[in-house]
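In what follows, a single structure is set out as structure tokens and then discussed.
Just so it is clear: chains get the letters A, B, ... in the order the sequence lines come, proteins before strands, and each one is counted from 1. What you see is a predicted model, and the numbers here were worked out from it, not measured in a lab.
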Number of protein chains: 2
Amino acid sequence: MAPAARRAARPAPRAAVPTLSDVAAKAAVDVSTASRVLRGEQGQRVRDETRARILAAADALGYRANPVARALRTARTHTLGIAVPQLDNPVFAAAIAGAERVAAARGYALLISHLEDALPAKDAYARLAQLNRVDGLLAATLEEDAPFAEALAEAGVPFVALNRVLPGACSVALDNLAAARVAIDHLVSLGHRRIAHLAGRVGGWNGQGRLAGWRAALKAHGIRHDPELVEHAGYTASGGAAAMAALLARVRTRPTAVLAATLVSAAGALRTLRQAGLAVPGDISVVALHDGPVAELVEPQLTTVALPAEAMGAAGAEALIAMIEGGATSAAATLLPPGGLVRRASTGPAPER
Amino acid sequence: MAPAARRAARPAPRAAVPTLSDVAAKAAVDVSTASRVLRGEQGQRVRDETRARILAAADALGYRANPVARALRTARTHTLGIAVPQLDNPVFAAAIAGAERVAAARGYALLISHLEDALPAKDAYARLAQLNRVDGLLAATLEEDAPFAEALAEAGVPFVALNRVLPGACSVALDNLAAARVAIDHLVSLGHRRIAHLAGRVGGWNGQGRLAGWRAALKAHGIRHDPELVEHAGYTASGGAAAMAALLARVRTRPTAVLAATLVSAAGALRTLRQAGLAVPGDISVVALHDGPVAELVEPQLTTVALPAEAMGAAGAEALIAMIEGGATSAAATLLPPGGLVRRASTGPAPER
DNA sequence: CCACTCAGAACAAACGATTGCGCACACGGA
DNA sequence: TCCGTGTGCGCAATCGTTTGTTCTGAGTGG
């Protein structure tokens, strides 16, 4: 199979890419005519014969419009930016995948930018330097980045907040209340009434929402929420383990079930429970928000509530493109309903007392 | 100062972004002079006073060069593309993170493209349409995509193959032989001599390399490799579980240790071992290639060999930028050495016979 | 037979930068 | 006084498109 692979180093292999004027020349028309035909605009008055000639020439040359030149002229790059705080987080990875899918389908490219930490508004402006190369931005930021949002708004850059609701900005986020409700409904249906909550990041939008959801769902079932049953676990395994340990050490009456705000913290909690000699779900049931491959790797496999991370990215991209193309800056917030309960082995009937 | 800045027709919230000619006007110089000063080129003959005036004007206006215009003129977008087959795979996520880090540090943006499946060369060309918006491409593709590579080479697009070595192309990949060696050394030092291999994707570059590494490392220790001890597991948990089961069912003498080609398949194998009533590491040790958070979530926690996925993305970006800026198309392959053994609970001394 | 209309296509001006070249002016030596 | 020489900057072309405007005939009604 020796034939094709041959890769010259010297002669600057970059083939001259045909331009519009090449096409126009070959078809013996003006570039403007060629442009109109190739852009396929309706209502253009071009004779069929001419049109065919241009299309043939373009095809023969393998012409592709130069996006850069087009962007300069039209002031539209057909590129979306997505800024995420962490690339390794599966939730953001999924969101990126969703955004990429929609972007590609709509003819947009996706530029990705990693926003290490909470960025000082200053940095936000620095990032803005890059922003004239995108038509809009998907901002999947973690917390009090009002400055960031304001910088964007001020600069007139269309953007949508992802993974949280930002008042006044178009936002696409997860419906944490509904998600918590699904989890609690499940536990209650199994007979649980004393249900603890391993909360997520304090101050984070999702963390707050899930905590609120836990409370509201309990209330809906006529269960008074016991503040003692909340422990902040963050979103790491060690955080989950530590929080579970703290909870067990602190409470008088052990809860019969736990709602963990994140999958990974639930996995950590499982470790603590195992070490404490408690059976899951025999002694205590565990359910986590967010589904993922990890749920099947732990022992026992975790019952979860699937959350639409991919769809969140996709919906964000849709909304952003709508803003860009429609021109209207909507400030509507979209809450994506949970995908449903994924029942596995970590939940079971409440133990008899 | 009414003259220069007047842009939007409607109220058009998008703030008028200052252009070079705005700066030039404010500093009362020609745009060419402003350009030379702002680009900071050496050897330009500009009076200090003039330079200061221009810098002040740019600063006052908050001027940022328009990357699109610059790209059009210079035929360089300062954008890298990265094509990955799966966005949800932590390895690729890490590679993207690494590439993004380097790209950002070097003043490049990163465009990400998801290549669903093996892409017919046709599709490869379609993607090329987007390619004149990047200066080069990081191609993290899975397998026999020689057509893709050739399409790129033919189009003269600088690219580097990521996560595999592609003959004739600049490649950055993991040193699977060395990684397997680290794992086997560890097991052998614990007294293991009958070591099975849960292989990765058949036909994949990494899968092949790890299999070869397993063989070579055994040989280095004077252990004859037993072909019976290889089972193809792929890179999923269920694949790992099934392969482990098949292996146990098939072999006469049970191996005392297993080298899994991937972290997730190792996790699957753990499940099978647990169900089979075998103790890990009491009856059998397990070590996986690639480290990650999952390793600490499973029971027992997995001993792994850390593989530099982030560094791979970074090195790929470095190489690509070097190609772009240096002009020379190197075809060198870089193999990244493993990060080392991460010893956890899944490996222990070989059981007495 | 003559203006008039309108289809079909060319002209030309942007978009915002970069860059080769040329034009002044000041200075120094003959 | 005059002619290099060289510094400091402006002129203008260009990158590849898009798009408003103008031009040219051919067809038409009066």
Side-chain angles (χ1 to χ4, degrees), chain A residues 14 16-55 57-58 61-78 129 131-133 135, chain B residues 4-9 12 14 16-55 57-58 61-78 107 129 131-133 135:
Chain A
R14 189 139 205 162
V17 28
T19 75
L20 189 56
S21 55
D22 294 334
V23 175
K26 179 157 185 139
V29 296
D30 187 79
V31 291
S32 62
T33 306
S35 172
R36 286 190 242 261
V37 165
L38 292 174
R39 306 214 32 252
E41 293 235 336
Q42 308 298 344
Q44 287 303 337
R45 312 165 306 184
V46 176
R47 222 180 312 159
D48 284 350
E49 190 272 330
T50 309
R51 174 185 314 275
R53 201 150 30 95
I54 293 171
L55 291 174
L61 262 36
Y63 171 76
R64 314 240 133 221
N66 181 328
V68 174
R70 175 175 290 177
L72 177 58
R73 178 62 230 246
T74 62
R76 290 273 309 283
T77 59
H78 277 266
L131 285 186
N132 42 7
R133 62 172 73 184
D135 289 338
Chain B
R6 191 167 48 262
R7 228 156 297 275
R14 187 140 204 165
V17 25
T19 74
L20 188 56
S21 57
D22 293 333
V23 174
K26 178 154 184 143
V29 296
D30 187 79
V31 290
S32 60
T33 306
S35 171
R36 287 188 244 262
V37 165
L38 292 174
R39 303 211 39 245
E41 294 235 337
Q42 307 300 343
Q44 287 302 336
R45 313 166 304 187
V46 176
R47 222 181 315 161
D48 285 349
E49 191 272 331
T50 309
R51 175 186 313 276
R53 202 149 30 94
I54 292 171
L55 291 173
L61 262 36
Y63 170 76
R64 313 239 134 222
N66 181 328
V68 173
R70 175 174 290 177
L72 178 58
R73 179 62 229 250
T74 62
R76 292 272 309 282
T77 58
H78 277 265
L131 286 186
N132 43 7
R133 63 172 74 184
D135 288 338

Legend entry - Residue met sooner reading DNA chain C from 5', once B:Arg70 and A:Ala28 are mapped to nucleotides: A:Ala28
Legend entry - Spacing of B:Ile54 atom CD1 relative to C:dA17 atom P, expressed in whole Å: 14 Å
Inset, instruction - Using salt bridge (Lys or Arg N to Asp or Glu O under 4.0 Å) as the criterion, list what pairs up with A:Arg51, not counting sequence neighbours. - result: none
Legend entry - Minimum heavy-atom distance B:Leu38-B:Ala58, with the two atoms named: CD2-CB, 3.8 Å
Legend entry - Qualifying residues under side-chain contact (heavy atoms from CB on, under 4.5 Å), relative to A:Arg47, sequence neighbours excluded: A:Thr50
Inset, instruction - In whole angstrom, give the distance that lies between atom CZ of A:Arg133 and atom P of C:dG16. - result: 16 Å
Inset, instruction - Locate the shortest heavy-atom distance separating B:Arg133 from A:His78; write the atom from each residue and the value. - result: NH1-O, 3.3 Å
Inset, instruction - Find the distance B:Leu20:CG to C:dG16:P and express it as a whole number of Å. - result: 11 Å
Inset, instruction - Please state how far atom CG in B:Asp48 lies from atom C1' in D:dG8, giving the value in whole angstrom units. - result: 12 Å
Inset, instruction - Rounded off to whole Å, could you give me the CG-to-P distance for the B:Leu72 and D:dA13 pair? - result: 17 Å
Inset, instruction - To the nearest 0.5 Å, tell me how far B:Ile54 CD1 sits from B:Thr33 OG1. - result: 6.0 Å
Legend entry - Contacts of A:Leu72 that satisfy side-chain contact (heavy atoms from CB on, under 4.5 Å) - sequence neighbours left out: B:Val68, B:Ala69, B:Leu72
Inset, instruction - Identify whether any heavy atom of A:Val29 sits under 4.0 Å from a base atom; if not, whether one sits that close to sugar-phosphate; answer base, sugar-phosphate or nothing. - result: sugar-phosphate
Legend entry - Partners meeting side-chain contact (heavy atoms from CB on, under 4.5 Å) with A:Ser35 (sequence neighbours left out): A:Leu20, A:Arg39
Legend entry - Distance, rounded to the nearest Å, where B:Arg73 contributes CZ and D:dG16 contributes C1': 12 Å
Inset, instruction - Identify whether any heavy atom of B:Arg45 sits under 4.0 Å from a base atom; if not, whether one sits that close to sugar-phosphate; answer base, sugar-phosphate or nothing. - result: base
Legend entry - Value in whole Å for how far the P atom of D:dT17 lies from CG of B:Asn66: 17 Å
Inset, instruction - Side chain of B:Thr19 only, please: which of D:dG16, C:dA9, C:dA17 is the nearest? - result: C:dA17
Inset, instruction - May I ask you to list the residues of residues 30-40 of chain B, by number, that have any heavy atom positioned under 4.0 Å from an atom of DNA chain D? - result: B:Asp30, B:Ser32, B:Thr33, B:Arg36
Inset, instruction - Work out which heavy atom in A:Ala65 is nearest to a heavy atom in A:Arg70; give both atom names and the distance. - result: CB-NH2, 3.2 Å
Legend entry - Axial bend angle, the helix from C:dC1-D:dG30 to C:dA30-D:dT1: five-pair end segments, nearest 10°: 70°
Legend entry - Closest non-hydrogen atom pair between A:Ala24 and A:Ala34, with its separation: CB-CB, 4.2 Å
Inset, instruction - Can you tell me the distance, in whole Å, between the CZ atom of A:Arg51 and the C1' atom of C:dG8? - result: 11 Å
